[in-house]
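To start, the structure itself, in structure tokens.
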Number of protein chains: 2
Amino acid sequence: MSAVTSPLAWEHVQPAAARRLLTGAIDAFAERGFQATTTRDIATRAGMSPAALYVHYPSKERLLFEISLYGHRAALEILTAANDGGSPADRLRAMVSAFTSWHAEHHTIARVVQYELAALSPEHFAEVATIRRAISTLIEQVLTDGVTNGTFKVDDLPGTTLAVLSLSIDVARWYDPTRHPAAEPLGTLYADLAHRMVQA
Amino acid sequence: MSAVTSPLAWEHVQPAAARRLLTGAIDAFAERGFQATTTRDIATRAGMSPAALYVHYPSKERLLFEISLYGHRAALEILTAANDGGSPADRLRAMVSAFTSWHAEHHTIARVVQYELAALSPEHFAEVATIRRAISTLIEQVLTDGVTNGTFKVDDLPGTTLAVLSLSIDVARWYDPTRHPAAEPLGTLYADLAHRMVQA
DNA sequence: CGCGTTGCTAAGCGCTTGCTTAGCTTCGCG
DNA sequence: CGCGAAGCTAAGCAAGCGCTTAGCAACGCG
């Protein structure tokens, strides 16, 4: 586990059977998507009968929500930590690097977080949407700060904010640890690319 | 329909009922995903009974393949057209602009093209993968040309190629015509961002 | 010990899925 | 007019779905 990305430990999920179901669901949702994953598949991955799932979670959707919520919170946390101190350029580079590395290192959870939003209930979607707006605001603010002190040149602020985030998020779509570089060098490359996009 | 993006007409799909099924399937797959879309839903959108679908297509997967194949071909075509003539910078800007605009303007098909690959049969996937490699090669070549003539500075060629493509592709994920700028200005913004990423 | 709680399984319910079958109508064409 | 092809529908099949029910073993605690 790298230093720049949060450990994403699941120890807080108790008991162990509930944790096995959750991590099994992450793998299944990431591989096949939420709709194509069956509760029987999740239960089998956790080494249980299908009915045991409902002892720990009231529905398949709830399992998705727990994963999505925890994943969004983890992503916001590593961004917030990276935003601490330094010039706008330093903060932008640290945030893009951390956010990119996180999407590479945790690409299974990241895939669920980024591509299964439509499967959430309206109420659950609203809850993670709040976190998504906070993430977006962090990037927009550092770009604003850089423009204000003259180190950045940004023509379209919302458009560029979206582009910077988009670049990191799409890593979850294509990243394959067997075929691509380690997460940390990728983060450095993307920090460089994002910095160039906004440099004055 | 803008000048930089191909018209994406479906007139070649005959008879009209087959075309209605295909366009209905695009909308349904883009909205809900392949797995969550039922053949009954597709048939209803085309104004027919569920069985009528099988008069024109042998399976739901085949419908996806026809959409995916045509979409990939259209994307490759507009990229190839934009690659014609000028400096590496001109060609890169033209390709990124066209590719981005295409993903925004045709974001429903683009969503199917980019996010439903896993639902294709292995044989059908192999066929579109060939087109995807051709797309990637076009971008890699223009970056190579720019590095060679000294107008670009690229540290990691495959990584930067992927990043440039990634930036445009992710547009399909978030683009909403009711909330975002028109496709053509977006293409111009992204051409600028991509150019800055590689400028010497 | 007695007994409620926790965690699990076997069985299965009601429903929906992709797709098939049988049969009807419409049409072009000799 | 006769007839095969094309295009469609009503009905339904086998399989698989999310989830429920009934019941059992293990455990903590008075």
Side-chain angles (χ1 to χ4, degrees), chain A residues 10-68 112 116-125, chain B residues 10-68 112 116-125:
Chain A
W10 297 102
E11 282 85 24
H12 69 286
V13 181
Q14 288 294 347
R19 188 164 61 244
R20 291 204 315 273
L21 285 164
L22 205 86
T23 55
I26 291 170
D27 292 343
F29 292 162
E31 268 175 41
R32 309 196 221 288
F34 176 80
Q35 302 282 358
T37 299
T38 68
T39 54
R40 283 162 180 82
D41 180 19
I42 297 168
T44 302
R45 284 174 194 253
M48 313 175 189
S49 77
L53 189 152
Y54 294 90
V55 172
H56 302 284
Y57 300 95
S59 69
K60 190 174 82 159
E61 190 273 342
R62 182 59 185 256
L63 215 26
L64 173 65
F65 173 59
E66 304 264 345
I67 294 163
S68 193
V112 180
E116 303 298 338
L117 291 171
L120 291 168
S121 73
E123 300 76 31
H124 289 161
F125 174 76
Chain B
W10 298 101
E11 281 85 25
H12 68 285
V13 180
Q14 288 293 347
R19 189 164 58 243
R20 291 203 315 272
L21 286 164
L22 206 86
T23 55
I26 291 170
D27 293 342
F29 293 162
E31 269 175 40
R32 307 196 222 287
F34 176 79
Q35 302 281 358
T37 300
T38 67
T39 54
R40 283 162 180 82
D41 179 19
I42 297 168
T44 302
R45 285 175 194 252
M48 313 176 189
S49 77
L53 189 151
Y54 295 90
V55 172
H56 302 284
Y57 299 94
S59 68
K60 190 174 83 160
E61 190 273 344
R62 182 58 185 257
L63 213 27
L64 174 65
F65 174 58
E66 304 264 344
I67 294 164
S68 193
V112 180
E116 303 299 337
L117 291 170
L120 290 168
S121 74
E123 300 77 31
H124 288 161
F125 174 76

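Note that the structure is predicted; figures quoted are calculated from it, not measured. Residue numbering restarts at 1 for every chain, and letters A, B, ... go by the order of the sequence lines.
Under a 3.5 Å cut-off, the side chain of B:E66 and the backbone N or O of B:L22 do not form any donor-acceptor pair. A donor-acceptor pair under 3.5 Å is absent between the side-chain atoms of B:S68 and the main chain of B:L64, judged by distance alone.
Counting to the nearest Å, the C1' atom of D:dG18 and the CG atom of A:D41 are 14 Å from each other. A:K60 has its NZ atom 12 Å from the C1' atom of D:dC19, to the nearest Å. We find that CG of B:L53 is positioned 16 Å from C1' of D:dA10, with the value rounded to whole Å. Rounding to whole angstrom units, CD of residue A:Q35 and P of C:dT16 are separated by 15 Å. As a whole-Å value, the separation of A:L21 CG from D:dC19 C1' is 15 Å. One atom, CD of B:E61, and another, C1' of C:dG18, lie 13 Å apart when rounded to the nearest Å. If you measure from atom CG of B:L64 to atom C1' of C:dG18, you get 15 Å, rounded to the nearest angstrom. Taking atom CZ of B:R20 as the reference point, atom P of D:dG7 lies 12 Å away to the nearest angstrom.
Between A:A51 and A:A36, the residue whose closest nucleotide on DNA chain D is further toward the 5' end is A:A36.
Closest to the B:P50 side chain, of the nucleotides C:dC8, D:dC8, C:dC19, is C:dC19. In the set D:dG7, D:dT20, C:dC19, C:dC19 carries the atom at the smallest distance from any side-chain atom of B:S59.
As judged by a 4.0 angstrom heavy-atom cut-off over every strand, B:T38 is placed among residues touching the sugar-phosphate backbone only.
Taking the side chain as every heavy atom from C-beta outward, B:K60 and B:F29 approach each other to under 4.5 Å.
The phosphate of D:dC8 (OP1 or OP2) has a side-chain N or O of B:H56 nearer than 4.0 angstrom. OP1 or OP2 of D:dG18 lies within a sub-4.0 Å distance of a side-chain N or O belonging to A:T39.
Between A:E116 and A:G33, the shortest heavy-atom contact is OE2-CA, 3.3 Å. Heavy-atom minimum distance, B:V112 versus B:A30: CG2-N, 3.9 Å.
Interface remark: the A:R40 side chain does not form any donor-acceptor pair with the D:dG16 base, using a distance-only criterion of under 3.5 Å.
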